[in-house]
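Data first, discussion second: the structure below is written as structure tokens.
All residue numbers refer to positions in the sequence shown, counting from 1.
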Amino acid sequence: MHETERKYEAPGGTALPDLADLPGVAAVAGPEEQRLEAVYYDTADLRLARAGLTLRRRTGGDDAGWHLKLPVGVDTREEVRLPPGRAAKHPPQELGSLVRVHARGRELAPVARIQTTRQRWQLVDDRGGLLTEVVEDLVSGQALVDDSPVDSWREIEVELGEGGDVALLDRVEERLAGSGITRSTSSAKLTRLLADRLAATTAPPTTPGKSAGDVVLAYLREQADALKHQDPRVRRGEDDAVHQMRVATRRMRSALQAFGAIVERDDTRQLTGELKWLAGVLGEARDLEVLRDRFENAVAALDDELVLGPVRAQLTRHFAPLEAAAHEAAVAALDSDRYFALLDAVDALVADPPFTPAAREKAAKVLPKLVDKTYRRLAKRAEDARDDDALHEARKAAKRLRYAVEVSEPRFGERAAEYRKKVKAVQELLGEHQDGVVARPVLRELGAKAQLDGENGFTFGLLHGLETAAAQRVEDRFPDVWRRLGKPKLR
């Protein structure tokens, strides 16, 4: 479940303002008092907290149990809940798996205990629907990693309800500000309690700059964050998670290859090899997902009289066990020491990149030359694209060019964005061709198996013919699409 919540500092002497007259609010229910206690779990060096995650076991209130909160966006987090069970030294294995991308084999142990006396008000509409929940918390917390003193404070939380919207949160915030209650600098009670320890182990954010190194590093950090964000989603089998994680690995790998004149290529060669390994592991699951969707959509588009036999059931029987096995293999890879070593290497890269002297030069001077070089690589492959393998190589080169332009987009703005869209169109055209290349042998296999099982293989043969015709259309279109792309003009 998603929660959108804002926290506020409530200095002594401030009082909650009246919120009953806000637009859309029909009534305010409360206050209701709750007494809560939570034990927070983390690694000894607070890896979860530094990544913006909290893992706790709460008692009291109407949501007692294990809570894992994963950052999603500004003010929004994904919350995973499990029953409280018996008090334990270690969190449930299911939650431990979801934070493994940060813990990486390190023990999760209690790091803090926080007690809260809560007053809760609910703002509801004229149908009784919850618009937003406002709570006043008197908090008492103590770090458990040493003999820290107890710290106490007062804070306000405002959480969006199912019937509310962000505009209402903004109105509540304006009303709070008028009473001297301002936004908190901490996203969670734990990060406030452990602020000194977190500050000592968290690198200050890098100020965006105009050098080539600044631009490339910002992109690499963005992909590192995306990779880690998608990890728990892949483990849970969430929609599109494998694809997005694979894209992040490919973007990082392409950037390191295309901009080796900025980030020393010899120092990143091993990492790009490991990123290729990870993309390959994820690719097995992703390719099956793409094929299944492709076939199901193709069948759905056929007239009913052309769908002979239990075609949809045959697709399910074929793909379900393969996808399950591929997901299991992907999760096993994400639990491996090899993957943890890759993550360590990514962290080391973005923390202290092996810049070349060119990294200090202006991005406007250096980046266009490297994008041009990536374009020439694509041009060579595009001119020689005469068969399936050559078209696939051209597709990979187009993808690298697209990502290279994407790296430079923050510096060159609309020019880079427009050219990236043109490159993406080339890549997607060639991707459609490659998907057909991969699909045809699978359709032959499905048709033959249907025949052996005493079922009708006609529909699979028909789909095979449609894939062959579609591939030919791509081959016919590609020369014209390629000519219209033109060279990048970022200088």
Gap separating the CG atom of Asp453 from the CD atom of Gln451, nearest 0.5 angstrom: 10.0 Å
Audit row: Leu446, Leu315, side chain to side chain contact (heavy atoms under 4.5 Å, CB included) steps and yes/no: CA-CA 8 Å; Leu446 287 167; Leu315 291 175; 3.9 Å; yes
Arg106, CZ: over 12 other non-hydrogen atoms inside 6.0 angstrom: yes
Electrostatic pair Glu467-Arg440, nearest N-O below 4.0 angstrom: no
Close side-chain approach of Pro232 to Leu70, heavy-atom, < 4.5 Å: yes
Residue Gln270 excluded, over 12 heavy atoms near CD under 6.0 Å: no
Test log, rule side chain to side chain contact (heavy atoms under 4.5 Å, CB included), inputs Leu463 and Leu302: CA-CA 9 Å; Leu463 294 180; Leu302 294 175; 4.0 Å; yes
Side chain to side chain donor-acceptor pair (under 3.5 Å) between His243 and Arg286, intermediate numbers included: CA-CA 6 Å; His243 173 56; Arg286 174 59 180 167; 3.3 Å; yes
Within 6.0 Å of NZ in Lys449, more than 12 heavy atoms from elsewhere: no
Arg56 vs His67, side chain to side chain donor-acceptor pair (under 3.5 Å): CA-CA, chis, key distance, verdict: CA-CA 5 Å; Arg56 71 189 180 198; His67 301 171; 3.0 Å; yes
Stepwise side chain to side chain donor-acceptor pair (under 3.5 Å) test for Arg402 and Gln427: CA-CA 8 Å; Arg402 173 190 165 193; Gln427 175 200 323; 3.1 Å; yes
Ring centroid separation Tyr41 to Trp66 under 6.0 Å: yes
Check: Ser254 side chain, Arg250 main-chain N or O, donor-acceptor pair, under 3.5 Å: yes
Side-chain ion pair, Glu418 and Lys422, N-O less than 4.0 Å: no
CA sep, side-chain torsions, deciding dist, call: Lys487, Asp372, side chain to side chain contact (heavy atoms under 4.5 Å, CB included): CA-CA 8 Å; Lys487 295 182 179 181; Asp372 284 346; 5.8 Å; no
Other residues, nucleotides, ligands: >12 heavy atoms within 6.0 Å of Glu328 CD: no
Audit row: Leu160, Asp75, side chain to side chain contact (heavy atoms under 4.5 Å, CB included) steps and yes/no: CA-CA 10 Å; Leu160 192 63; Asp75 298 331; over 6 Å; no
Atom pair CD (Gln223) and CE (Met245), whose distance is rounded to the nearest 0.5 Å: 12.5 Å
Spacing of Asp42 atom CG and Thr54 atom OG1 [to the nearest 0.5 Å]: 9.5 Å
Where Arg381 and Ala397 come nearest, the two heavy atoms and their spacing: CD-CB, 3.7 Å
Spacing of Asp344 atom CG and Leu342 atom CG [to the nearest 0.5 Å]: 9.0 Å
Heavy-atom neighbours of Asp239 CG exceed 12 at 6.0 Å: no
Heavy-atom side-chain contact between Val247 and Met252 under 4.5 Å: no
Closest non-hydrogen atom pair between Ala417 and Glu409, with its separation: CB-OE2, 3.4 Å
Check: His327 side chain, Val234 main-chain N or O, donor-acceptor pair, under 3.5 Å: yes
Validation row: Glu296, Arg312 side chains within 4.5 angstrom (heavy atoms): no
Contact check, side chains of Ser408 and Tyr219, non-hydrogen atoms, under 4.5 Å: no
Glu475 and Asp388, any side-chain heavy atoms less than 4.5 Å apart: yes
Any donor-acceptor pair under 3.5 Å from Arg104 side chain to Val101 backbone: yes
Close side-chain approach of Leu169 to Thr4, heavy-atom, < 4.5 Å: yes
Non-hydrogen side-chain atoms of Arg236 and Val80 separated by less than 4.5 Å: yes
Side chain to side chain donor-acceptor pair (under 3.5 Å) between Gln230 and Gln244, worked out: CA-CA 7 Å; Gln230 295 300 330; Gln244 293 301 327; 5.3 Å; no
Pair Tyr375 + Trp482: ring centers closer than 6.0 Å: yes
